[in-house]
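I am attaching a structure below and will ask some questions about it afterwards.
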Number of protein chains: 2
Amino acid sequence: MKELEIGCTNKAVNERYTVQDVAKRAGVHASTVSRALNPATRHRLSEEVAARVIAAAAELGYVPNGLAASLRTRRSETIGVVLPDITNPVFPPILQGLEAVLAEERYVAMVANAGSDNDRQRLVIERLLARQVDGLVLATVTRHDAIVDQCLKAGVPLVVVNRSEADHRVSSVVSDDLRGMRLAVDHLYGLGHRRIGHLGGPQNLSTGKGRLEGFLSAARDHGLDPASSDLELASGFSREAGREAAFRLLEHAPDLTGVVVANDLLALGLYDVLAARGLSCPGHLSVVGHNDMPFVDMVSPPLTTVRIRHREMGEQAAQLLLRLVRGEAQGGVDVVLKPDLVVRASTAAPR
Amino acid sequence: MKELEIGCTNKAVNERYTVQDVAKRAGVHASTVSRALNPATRHRLSEEVAARVIAAAAELGYVPNGLAASLRTRRSETIGVVLPDITNPVFPPILQGLEAVLAEERYVAMVANAGSDNDRQRLVIERLLARQVDGLVLATVTRHDAIVDQCLKAGVPLVVVNRSEADHRVSSVVSDDLRGMRLAVDHLYGLGHRRIGHLGGPQNLSTGKGRLEGFLSAARDHGLDPASSDLELASGFSREAGREAAFRLLEHAPDLTGVVVANDLLALGLYDVLAARGLSCPGHLSVVGHNDMPFVDMVSPPLTTVRIRHREMGEQAAQLLLRLVRGEAQGGVDVVLKPDLVVRASTAAPR
DNA sequence: CTGAAAGCGCTTACAG
DNA sequence: CTGAAAGCGCTTACAG
């Protein structure tokens with residue numbers, strides 16, 4: 001009677017067959033079922049038995065319980081992915097690349113949006129670790145990040161993507177920001193610009209810092225000496241933060257003819273400020289972004305920007321991580337992808 | 001000697017403590033550790049013992065093995081989310097809403113990009129089920145979807161989001177497409193348009209079909225009788241498919257003054273065709289989109305569109321699903337969210 | 001209030 | 001080539 005009740009209330013669980021069920025149906029022992037269903041051990045069995053087991057499993061619609069297998073093998077074939085903000089359009093292509101590679105190897109991604117708050121990130125990572133992820137991809141790291149310390153101490157295979165940490169203790173996949181900024185500055189210089197400013201990102205992020213340094217280095221190489229008033233740093237990589245910093249930049253350096261921006265979202269913030277002031281782009285000011293995120297070819301004017309191969313970033317990160325998980329490689333590998341300049345309509349010769 | 005080797009090669013695993021370790025350190029039995037660490041059963045213990053266990057766990061940095069717990073309790077506190085395309089900007093906000101609600105309840109999302117291919121979707125779902133997800137959110141469903149049949153048969157708690165299936169056998173969270181199209185048509189009619197066409201989506205998706213019906217119904221209510229040449233359907237919800245269908249529409253119905261489009265991505269495709277033909281928007285043609293996806297306020301001209309609360313869609317879907325998982329509710333609930341019209345610069349009085 | 005035992009569903013040395 | 005047993009790390013009736 002009791003059994004019947006259970007049968008009624010959770011039918012789903014009830015209809016889930018186990019190795020035992022398959023074993024009974026095929027007339028073999030459970031261990032034989034396990035061996036028959038695993039391609040790597042199947043050859044140890046007689047073909048006849050293997051076929052019988054596979055048939056029995058198919059007839060029942062048997063789906064192995066991956067949790068039980070993971071508990072036993074100590075591999076979950078699950079990877080945790082920690083993002084600061086999934087609505088930032090650079091992350092979906094990264095995620096797509098990650099997933100494509102992981103899926104090939106039968107891995108699944110547990111994706112967590114952790115924001116920028118450190119405590120929240122810590123909590124999220126602890127939950128992922130509790131679920132026994134085999135490795136972690138972090139897109140959240142700051143240049144000095146206590147969370148990386150913790151992960152290293154815990155011994156979790158770890159790859160950081162898009163951003164790297166200052167000490168490079170951990171494998172990373174990033175874009176060559178120095179080259180990116182050089183392309184941007186060269187482009188404006190080539191158009192005739194000599195008063196070029198930089199709308200930068202947060203300096204606690206490798207992208208913010210690297211792009212500022214890239215800008216300064218490229219500017220100096222052209223004999224330009226950007227005064228400190230030609231530089232303004234945003235508090236985050238968002239359109240809103242871009243607006244605020246762009247406002248300050250235009251206040252302090254009204255005679256700029258070109259601005260190299262550390263990120264497309266910031267560039268959109270600059271667009272907002274230009275529109276609010278009735279200034280035209282590229283008429284009054286040429287603007288170069290960074291990322292070539294989706295749809296910046298559709299904004300007005302279409303944004304000249306530095307293209308980063310985000311999908312490839314995700315693919316490489318997944319490959320690095322899987323090698324780490326399998327013990328085929330060690331940490332501390334930095335993959336640096338070459339960006340390109342995409343010239344659109346936001347840049348022109350200076351006024 | 002052998003032990004030492006193991007100790008060296010997988011340090012991570014080695015340093016993971018278990019209930020046994022905590023039990024030993026606190027001088028209690030493993031079952032007591034379990035009870036002390038679970039807030040729901042803690043009260044059964046003397047405060048002194050509970051405190052001792054909690055302290056011991058903290059000292060060791062003990063993180064419970066969620067897989068083992070799930071195997072035992074038959075709840076994984078994991079939800080599978082199946083998307084057709086994460087790079088479609090409508091999905092990140094949905095995901096954000098889902099995750100926010102799930103995280104509150106200590107659930108984690110396994111996100112899988114399954115594309116539009118049915119076999120691939122089936123594979124992806126099987127993998128998620130093998131990992132014992134407690135429920136599934138599908139953003140992939142077509143109006144008649146064999147995958148839904150399978151899930152129902154398997155007895156998995158299930159919610160569909162953004163799109164619904166024709167039979168409404170499954171709980172869904174969608175936007176009111178009829179109302180959305182009515183807002184769009186009313187807006188153009190109010191501006192003076194009488195030759196209004198529809199650039200529609202695939203009719204095997206509820207959104208494509210519902211928006212076409214909404215368009216026709218609203219048009220008829222104004223006494224308009226859109227000829228079949230005023231309607232053109234795209235093969236998918238992408239900018240590329242939008243371009244192709246927009247090309248056909250402008251060929252067949254060059255005298256239209258306004259077009260209501262089933263989706264912003266399609267509207268961008270229409271923009272592309274207008275640009276290629278040297279036609280201006282809204283000068284030659286007024287355009288209304290659908291979704292208000294991120295950054296359509298930045299395109300040229302800023303797109304008038306029907307705003308869908310995608311984040312809320314995700315939140316509601318998570319809530320529905322959790323109630324289903326807990327047996328607090330039954331399936332077959334349709335949540336319909338009210339959209340709004342956002343008027344920007346792509347619509348004006350007819351030429 | 002706490003302990004001892006059983007068992008979730010697998011896999012894998014160990015036999016034979 | 002196949003079986004029987006042990007065990008992954010938890011939780012939860014069942015005792016007392």
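Labels below follow one simple rule: chain letters A, B, ... track the order of the sequence lines, proteins then strands, and each chain is numbered from 1. Here the structure is a predicted model, which means the values were calculated and not measured.
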Atom-to-atom span, NZ of A:Lys24 to P of D:dG3 - whole angstrom: 15 Å
Selected nucleotide, minimal atom distance to B:Pro64 side chain, candidates D:dT12, C:dC10, D:dC10: D:dC10
Tell me the partner of C:dC14, counting only Watson-Crick (N1-N3 plus N6-O4 or O6-N4) or G-U wobble (N1-O2 and O6-N3) with both under 3.5 Å; none if nothing fits. D:dG3
Hey, does the side-chain of A:Arg16 have a donor or acceptor N/O within less than 3.5 Å of a partner on the base of C:dG9? no
Compare side-chain N and O positions of B:Thr32 against OP1 and OP2 of C:dG3 and report whether any pair is under 4.0 Å apart. yes
Side chain of A:Ala68, heavy atoms from C-beta onward: which of C:dC10, C:dT2, D:dC10 has the nearest atom to it? C:dC10
Measuring from atom NE2 of A:His168 to atom CG of A:Asp334, what distance do you get when rounded to the nearest 0.5 angstrom? 5.5 Å
Show the numbers, then the answer: is there a side chain to side chain contact (heavy atoms under 4.5 Å, CB included) between A:Leu138 and A:Ile125? CA-CA 10 Å; A:Leu138 302 184; A:Ile125 288 173; 4.0 Å; yes
For B:Ser31, answer base if it contacts any base atom (sugar-phosphate contacts may also be present), sugar-phosphate if it contacts only those atoms, and nothing otherwise; contact means non-hydrogen atoms under 4.0 Å. base
Roughly, in whole Å, what's the span from OH in B:Tyr17 to C1' in D:dG9? 16 Å
Would A:Glu77 and B:Arg127 pass as an ion pair if we require N to O under 4.0 Å? no
Measure CZ/B:Arg72 against P/C:dC8 and give the value in whole Å, please. 8 Å
Does D:dG9 have OP1 or OP2 under 4.0 Å away from a side-chain N or O of B:Tyr62? no
Rounding to an integer number of Å, can you tell me how far B:Arg131 CZ sits from C:dC8 P? 22 Å
Nearest heavy-atom approach of A:Thr142 to A:Glu165 is O-CB, 3.8 Å
Let me know the distance between CG of A:Asn38 and P of C:dT11, rounded to the nearest Å. 7 Å
Working to the nearest 0.5 angstrom, can you tell me the gap between B:Leu95 CG and A:Leu95 CG? 8.0 Å
On the nucleotide C:dT11, are OP1 or OP2 found under 4.0 Å from the side-chain N or O atoms that A:Ser34 carries? yes
Quick one: A:Leu37 CG to C:dG9 C1', roughly how many Å, whole number? 13 Å
Is any side-chain N or O of A:Arg74 under 3.5 Å from a base N or O of D:dG9, one able to act as donor and the other as acceptor? no
Is there a side-chain contact between B:Ser46 and the phosphate of C:dT2, meaning an N or O under 4.0 Å from OP1 or OP2? yes
By nearest heavy atom, map B:Val49 and B:Leu71 onto DNA chain C; which one lands nearer the 5' end? B:Val49
In whole angstroms, how far is the C1' atom of D:dA4 from the NE2 atom of A:His29? 5 Å
Take atom CZ of B:Arg75 and atom C1' of D:dT12, then tell me their distance rounded to the nearest Å. 12 Å
